[in-house]
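One structure below.
As the structure is a prediction and not an experimental result, all values here were calculated from the model. For the single chain, residues carry numbers from 1 onward in sequence order.
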Amino acid sequence: TFEYVVNENPAIELEDKYYICEDEEFVLDLSRYSNYTITLTGENVVNLGNRKFRLSTFGMYTVNVTNASGCTTEYTFELANFPPPVVSEIIVAANTITVNVVRDPSYTPGLLQYSLDGINYQTSNVLDIPQRGRSYDIYVKVGNCVYMIQTVEVIDIPTFFSPNNDGMNDVWRIKPILLSQNVDVKIFDRFGKILYEQNDNQDIKWDGKVNGKPLPTTDYWFTIDIVG
């Protein structure tokens, strides 16, 4: 008689794909599997010892895991770059900026983060506007990869003014536009007649007069078009 022993193949937990940024290094840490002999093959693999490996090149890698009985299990995985975010829409509202990004399958929940200063990030794509009348650089971070998406001008537009020469709200004023392009600002009455127009990005203001004569208290409409 004889005893037939079947040894189990070694098993470890390994993802099919890992993501890093351009010019970023990735350390595969398998030190918890101290009872196995582990080798890793691929491009530019640096063995750090204690079953840790540093990788810096996108591509496919092979891990061979061998137990004390000589049984070996082979794993493969890919080291890839996160796809850069594709912004479909940026909505500037009264107090918020909403950044809508096309969802890539690799974007797991919470992976994307958003910022208006490149320092303070949040997972919500609805960003509070700290101050109107200035521009903001919109950043989207994918994992550790930071992308500056677009500069957005948040115009400070008053909803009313009272030209009664009391020194308070006597003119309808938009703070200087910070964009390099000029803007075309028009103010109309209810019949569509142009009452005021300005074609630059300097201090934009209207005193409520046409040809030096004050207009009656009522509603007026305006348009702001970015030129160029």
Under 4.5 Å between side-chain heavy atoms, hopping through other hydrophobics if needed: is there a path connecting [X] to [Y]?
| X | Y | answer |
| --- | --- | --- |
| L116 | V140 | yes |
| V126 | V101 | no |
| Y147 | V86 | no |
| Y220 | I194 | no |
| V46 | F26 | no |

Aromatic ring pairing Y18/F77, orientation class (parallel under 30°, perpendicular over 60°, tilted between): perpendicular
Is there side-chain contact between [X] and [Y], with heavy atoms separated by less than 4.5 Å?
| X | Y | result |
| --- | --- | --- |
| Y121 | L112 | no |
| I97 | I90 | yes |
| R132 | I129 | yes |
| I138 | Y114 | no |
| F188 | L195 | no |
| I38 | V63 | yes |
| R190 | D219 | no |
| E13 | Y33 | yes |

Aromatic centroids of Y196 and W172 separated by under 6.0 Å: no
Pair W206 and F161, ring centroids less than 6.0 Å apart: yes
I'd like to know if the side chain of [X] and the backbone of [Y] have a donor-acceptor N/O pair within less than 3.5 Å.
| X | Y | value |
| --- | --- | --- |
| N67 | S69 | yes |
| S115 | D117 | yes |
| Q122 | S124 | yes |
| R173 | D170 | no |
| Y36 | L30 | no |
| S31 | R51 | no |
| R54 | L28 | no |

Side chains of N44 and T57, donor plus acceptor under 3.5 Å: yes
Exercise: do T151 and D137 side chains pair donor with acceptor under 3.5 Å: yes
Verdict with supporting geometry, K209 and L215, side-chain contact (heavy atoms from CB on, under 4.5 Å): CA-CA 6 Å; K209 298 177 182 179; L215 295 179; over 6 Å; no
Can you confirm whether more than 12 heavy atoms, excluding those of [X], are under 6.0 Å from its [atom1] atom?
| X | atom1 | answer |
| --- | --- | --- |
| K186 | NZ | yes |
| N35 | CG | yes |
| N50 | CG | yes |
| D166 | CG | yes |

How many angstroms lie between [atom1] in [X] and [atom2] in [Y], if you round to the nearest 0.5 Å?
| X | Y | atom1 | atom2 | answer |
| --- | --- | --- | --- | --- |
| E78 | M60 | CD | CE | 5.5 Å |
| R103 | S88 | CZ | OG | 11.0 Å |
| N64 | T41 | CG | OG1 | 6.5 Å |
| N81 | C145 | CG | SG | 6.0 Å |
| T96 | I91 | OG1 | CD1 | 8.5 Å |

Residue pair L55, L40: steps toward the side-chain contact (heavy atoms from CB on, under 4.5 Å) verdict: CA-CA 10 Å; L55 317 176; L40 176 62; 3.7 Å; yes
Cation-pi, Y136 ring and R134 (6.0 angstrom, 45 degrees): yes
Any residue meeting side chain to side chain donor-acceptor pair (under 3.5 Å) with S106, in chain and number order, not counting sequence neighbours: D104
Partners passing side chain to side chain donor-acceptor pair (under 3.5 Å) against N100 (at least two apart in sequence or in another chain): E89, N125
Residue pair E43 / Y61: nearest heavy atoms and the distance that separates them: O-OH, 3.1 Å
Heavy-atom pair of closest approach, residues D207 and P163: O-CB, 3.5 Å
Verdict with reasoning, Y75 to V65, per side-chain contact (heavy atoms from CB on, under 4.5 Å): CA-CA 8 Å; Y75 297 86; V65 183; 4.0 Å; yes
Evaluation steps, side-chain contact (heavy atoms from CB on, under 4.5 Å), between W221 and I187: CA-CA 6 Å; W221 288 260; I187 297 177; over 6 Å; no
Worked verdict on T72 versus T66 for side chain to side chain donor-acceptor pair (under 3.5 Å): CA-CA 4 Å; T72 299; T66 304; 2.8 Å; yes
